[in-house]
Structure formats: structure tokens, C-alpha cells
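See below for the structure under consideration.
Read the numbers this way: they start at 1 and go in the same order the structure lists the ligands and their atoms.
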Amino acid sequence: MASTIAFSPSLHLPRPPNAHSRLVSTPRSRSIRCASSNGRGPEEPQGVKDVERILQEKRRAELASRIASGEFTAPQSRLKSALGRLGPVGKFLDEMLERLAGGDDAKRLKIPQATGSIGAVGGQAFFIPLYELFLTYGGIFRLTFGPKSFLIVSDPAIAKHILRDNALGYSKGILAEILEFVMGKGLIPANYEVWKVRRKAIVPALHQKYVAKMIGLFGEASYSLCEKLDKAASDGEDVEMESLFSRLTLDIIGKAVFNYDFDSLTHDNGIIEAVYTVLREAEMRSTSPIPTWEIPIWKDISPRQKKANQALKLVNDTLDDLIAICKRMVEQEELQFHEEYVNEQDPSILHFLLASGDDVSSKQLRDDLMTLLIAGHETSAAVLTWTFYLLSKEPSIMSKLQDEVDSVLGDRLPTLEDMKKLKYTTRVINESLRLYPQPPVLIRRSLDDDILGGFPIKSGEDIFISVWNLHRSPKHWVDADCFNPERWPLDGPNPNEINQNFSYLPFGGGQRKCIGDMFATFETVVATAMLVRRFNFQMALGAPPVEMTTGATIHTTEGLLMTVTRRTRPPIIPKLETFTQIVNVDEPVALGEDQQGEVSAASI
Ligand code: HEM
């Protein structure tokens, strides 16, 4: 039976875009603004920052005083407390007594203990109080609330041990139980035996030629989003960007994985609604304290369960149809399969798998497709959401980013070659992933007894590796809470878990590392570049405060409501003419000779 927990630590469980009622709505005041500014001017972002900082400090102070009051600290025996007061002699006697008491159980108690109801801390996302507890209790501690107990890991060496050095000693635990209903035996929840076979089959599908082809897809889909924003900019409407990013990445992943055009940026239909119903159900299951979906009779009569089951059936049937269509295509094809095989009409992962002769049941194939759909959808959407939020607060970083994009891309759609040149854009994404890792926590369960950070642990321990804590640890990062893409040198290697020795884990590490890391990096780089090239983004006046909430990925509580304005280019310095012009990016530009012949993305 799936054990659930009162907060949501699961991976890749998205919240649907229509959780926000607005797609493009709130007409904003039509007062004239300085279109060349990237933010609202220096004062306002600073004001917003100050309020956020004060709120954050207030929460921290509250939690710190609760920690200090002993609320989270497991009670010690009176004898133990008395020995603690006796200094080194007392410590020695304490250790002797524990040894005499014998066994691993006594030693297990040595893992720092925190108890209490972390859910009660100010309605925050659960990983935030875990950060304060980490600062108090260290890189590994046990958190007990109610009958449940978890080990919280925030130490890079312990994370490396669990994810890489002793990966076979750990399963996906709770995560696999929760996701089974939607992903079946897909890669994320799969046990080792299934995972080994499926990972070997699927990874080759994401070869370089495929990824290069996908860059075209990222560009086209981002271009559709630009069109939508263009209209909003003309109509003077503010836009809720989180839901738009969710739609953008849904459209991309549908085409990329099984060649299905959801086209959710331009319309809604039954299948899109069904996908989001299924995803919402998965998220609800990961946050519900009681697994109502397992209660006999109730699970058959609950309207929500019925709706979720119908939606799941519709999505599964659609996937079965897509598999059947693709099988027929492959049968009719004059196949010349090779390592970098891509079908021009249908470059999807599904086509690659079928063409490769992958010997797999339709059910397993469907589980794989569903897993890729979920894994690759809301993660990328969340990265874009938080990147634009961070950029809106730092106009100087936005300016530098726009300068790079202007000089590398001009008006072209991005290519694989451009990915090497968009170095600062990539650093912006690297840094956004550091501050807002998706998911913020990785979940494991020990399959055997093991030793973590010097502490013996038993098999069956549920473990949360807090990527949030690792990425913001004051031990490893200077100004850990600051958005500073410059911390990653432009001429240095792309930061990853290996060169950062597991203190940076944006895509996990070890054998279960994300298979879509390059896909996702290019996708978010392309989308960011295409959007900032054409528009300036700022928080809308009167927008709700941007707070975090816990899903598998980090969501905003009330959306990311932004004002989008068309960018104007800096004045073109005339060579012969005597006038200076401000040119709108979307209006025909009087090109100098050296610029003639460039294709404008707006004309594609
Ligand atoms: C920015 C976007 C993304 C982020 C931040 C991300 C992050 C991650 C992380 C941290 C893991 C490791 C989970 C764990 O160890 O428990 C993971 C696994 C995985 N990701 Fe991603 N991911 C992203 C995009 C994608 C995309 C686009 C795809 C597919 C095309 C994908 C497919 C997968 C799969 C299949 C796994 C499971 C791998 C395995 O267990 O062997 N991800 N992802």
C-alpha cells in the first residue's frame, strides 16, 4: 500500500497550468511605461526584495526560536542529560553506557534527532523548514513526526554515497509507490531489474542528432509563445507566465516523445484536460495525508476518483493509438536503422524505440512514454518560471543576457551551434537551477543496512536528499541565496554534480541521473533566449507576492503575473544619415549592408 505523507516530496509531479484561473487576463493600466527598462526601475524591485527578505527573516526567526525551545529535539533521558553536563568525562561514560546497552539500535540514536510537526511552520513549502533544521542539526538528521521517521541528508559526501557509490543499496521507496498508478514500471519508479533494461533501451534515443532536431522544435514552440505574448503586449494585458510555461513545455514534450501535437498554447481540448487531471491526481496523492484512493468502495464512488480514472483511461488509450500508428509507420518504412537514426517526419523517441526493434510489451512502452511526458514537462516549466522571476528582480542580469542573445542570435531561430555560444544564457539557467532545484528533494529508501556519514542505518529507512539544502548550503556557496550567474565562469566547464563534487545536483547523480539533462538545458536556454530577445518582463503592478508551494517541482502559490512589453533596440548609429531611430524589434528594420539577408524569426 502506498504510504503517504503530509507534504509532497515526490518527483516530477506537476501542477496543471489551469490550476491558475487566468491564462492571459488582467488588463493592466495603460499608462505609458519606459519600454527600454527591464524592471520597474531600481526602487520598486528593491522594495519588493526588502519585503521578501523581511518575511523570510521573520519566518527564520520563528523557526529558530522553535528549534531553540527544544520543540524539534527528541527528549533525552535524565541520565543522558546529566552526563551531558559533565563534559568529556560525562561523554565518555555516556558512550560506554550506550555500548553496554548494546547493538545498532543504541548507536542509531546518535543521528541527530528532530521531532515535531514541520507542516505547522507557517504554511510554507516543506523543504524550507528543512533548511533551518539542517543549519541546526547538520548534514544528516532524523526527522520524526507522528509515527513517521525520515533521514534528511544535506551533505554532498553522503548524497554521493547514496546516489552513486552505493546506488544499488537504495530504491525509490515512497516515490515509486505513489507514482505506480500513473507511470507503472516507467524509468522513474522502476525497480532495478526493469530499470536496467529500459534505461539501456531509452538513453540511445536521446542522441546528438535527435537533440539538434529538437532545438528546431524548441524554437518553433517558443515562437508560438512569443506570438501570444505579442498579442498580450498589444492589448495591454498582464500574463500569468507559470501556466504559459507549463503549456509551452507540454507542447514540446508531446512532439518530442510521441509526436503528438497538444497545441495547448493555442487551444484546450479533452486530451489536454485529461493529461492535467491525471497529473493533478498524481500530485494530490503525493500530498494527501490519507490514501483515500485505496479505500474500498470509496475509490469506486468518489467523483474525483472516477474523473481521474476516466482521464487516465483516455490518456492511456491515446498513447496506445499513438504506439499503433507509429508501429504502422515503421513497418512501411525502408528502415536503415543506425546509432543516430532520426525519422524526418517523426523524430520522436517513440519512433526511435520502435525502429530500433526494442522488444517490449505495449504496456511497458506506454509506461515509458507516460514517464517521459511527466518527467520532461513540469520540471522544465518550473525552471522557466523561476528563471523569469529571478530575472525580473535583477535588471542588470537581464540586460547582460539580452546583450548576449542579441549578438549571438540576431533575429535567427537558435541552432545547435548557438548552444555553445549562448554561454551567459546557460549560466543563468545553471544558477536558476541552483536556487530553485526541480525537484527540491530526492527520495530513496535503504534496501540494506548501511553507514551514512559515520552513522549506521537500518534497511527500510526513508531518506530525503535535500537538493535545496545542498544548493544553498553556506558551507559550499558564497552568498548562497543570491542570484549570481557570474559565479560560474563563462570559460569554465558546465557545472554538474561531478565537477561540483555533489554539492550541485540539478539533474541528480549516479545511475538514476536524469536522461533529459541536455534536452532540458537546451530547451530552457532556447525559450529564455527567444523570449528575452523580443520582450521585457517585469512583475505586474499589484501582482500577488511570489511565494513557493510544494509539488514535485516548486510552484508559485498564486502564479507569476507579469507585464510584458516589446523591446526596443538601442538607437542605430547612422553611418551617413543624420537621424537616430528607436526601432521596434517587430517592425521592419532598415538594415545596414552587413545585416542584409538575416532571416527574421518573426517572419518564419
Ligand atoms: C529542467 C528540466 C529537468 C530537471 C530539472 C530534471 C531533473 C531530474 C532529476 C533531479 C532526476 C533524478 C531523480 C532521482 O534521482 O530520483 C531526473 C530523472 C529523470 N528525468 Fe529529468 N529533469 C528534467 C527534464 C527531463 C526531461 C526533458 C526528460 C525526458 C526527455 C527527463 C527524464 C527523466 C527520467 C526518465 C528520469 C529517471 C532516470 C532514471 O531513473 O534512470 N527529465 N530528472
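Considering backbone and side-chain atoms together, Trp195 places an N or O closer than 3.5 Å to an N or O of ligand 1. Between Arg199 and ligand 1, a contact under 3.5 Å exists for at least one N or O pair.
Scanning Phe519, Tyr170, Phe507, Phe522 for the heavy atom closest to atom 11 (C) of ligand 1 points to Phe507. Taking all heavy atoms of Ile374, Leu206, Ile429, Ile515 into account, the minimum distance to atom 35 (C) of ligand 1 is reached by Ile515. Of the listed residues (Val203, Leu372, Thr379, Val441), the one carrying the non-hydrogen atom nearest atom 29 (C) of ligand 1 is Leu372. The closest non-hydrogen atom to atom 40 (O) of ligand 1, taken over Lys196, Arg512, His377, Gln511, comes from Arg512. With Cys514, Pro189, Gly186, Gly510 as candidates, the residue nearest to atom 22 (N) of ligand 1 on a non-hydrogen basis is Cys514.
If you number the atoms of ligand 1 from 1 as listed, the ones under 4.0 Å from a heavy atom of Arg444 come out as 14 (C), 15 (O), 16 (O). Distances below 4.0 Å separate heavy atoms of Ala375 from the following atoms of ligand 1: 24 (C), 25 (C), 31 (C), 32 (C), 33 (C), 42 (N). Heavy-atom proximity to Ile188, at under 4.0 Å, picks out these atoms of ligand 1: 36 (C), 37 (C). Against a heavy-atom cut-off of under 4.0 Å, Lys172 is close to the following atoms of ligand 1: 14 (C), 16 (O), 40 (O). Counting atoms of ligand 1 from 1 in the listed order, those under 4.0 Å from a heavy atom of Gly376 are 25 (C), 26 (C), 27 (C), 28 (C). The contact set between ligand 1 and Lys513, taken as ligand atoms under 4.0 Å from a residue heavy atom, comprises 38 (C).
Note on ring orientation: taking the six-membered ring where Trp is involved, the planes of Tyr504 and Trp477 are perpendicular (angle over 60°, cut-offs 30° and 60°). Relative orientation of the Tyr276 and His377 rings is tilted, given thresholds of 30° and 60° on the angle between their planes.
Judged by the shortest distance from any of its heavy atoms, Glu523 lies outside the 4.0 Å radius around the atoms of ligand 1. Look at Thr524 and you'll find every heavy atom at least 4.0 Å from all atoms of ligand 1.
Between the Asp449 side chain and the Ser459 main chain, a donor and an acceptor come within less than 3.5 Å of each other. Using a distance-only test at 3.5 Å, with no hydrogens or angles considered, no donor-acceptor pair links the side chain of Thr524 to the main chain of Leu384.
The closest side-chain donor-acceptor pair between Asn484 and Asp479, if any, does not fall under 3.5 angstrom.
A cation-pi arrangement is absent between Arg445 and Phe150, since the terminal nitrogen or guanidinium carbon is not both under 6.0 Å from the aromatic centre and inside a 45° cone about the axis.
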Going through the checks in order, is the side-chain hydrogen bond (donor to acceptor under 3.5 Å, both in side chains) test met by Asp368 and Thr371? CA-CA 5 Å; Asp368 293 336; Thr371 302; 5.5 Å; no
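Counting heavy atoms from C-beta outward, Phe245 and Val383 have side chains that stay 4.5 Å or more apart.
Only the backbone of Pro506 comes within 4.0 Å of ligand 1, judged by heavy-atom distances. At a 4.0 Å heavy-atom cut-off, ligand 1 touches Val383 through the side chain alone.
Here the rule is side chain to side chain donor-acceptor pair (under 3.5 Å) with Tyr341, and of His351, Lys209, His207 only His351 fits it.
Residue pairs meeting the ring-ring contact (aromatic ring centres under 6.0 Å, His included) criterion with at least one member in residues 170-193, sequence neighbours excluded: Tyr192-Trp195.
Counting non-hydrogen atoms of other residues, nucleotides and ligands closer than 6.0 Å to NZ of Lys185 gives a total of 12 or fewer.
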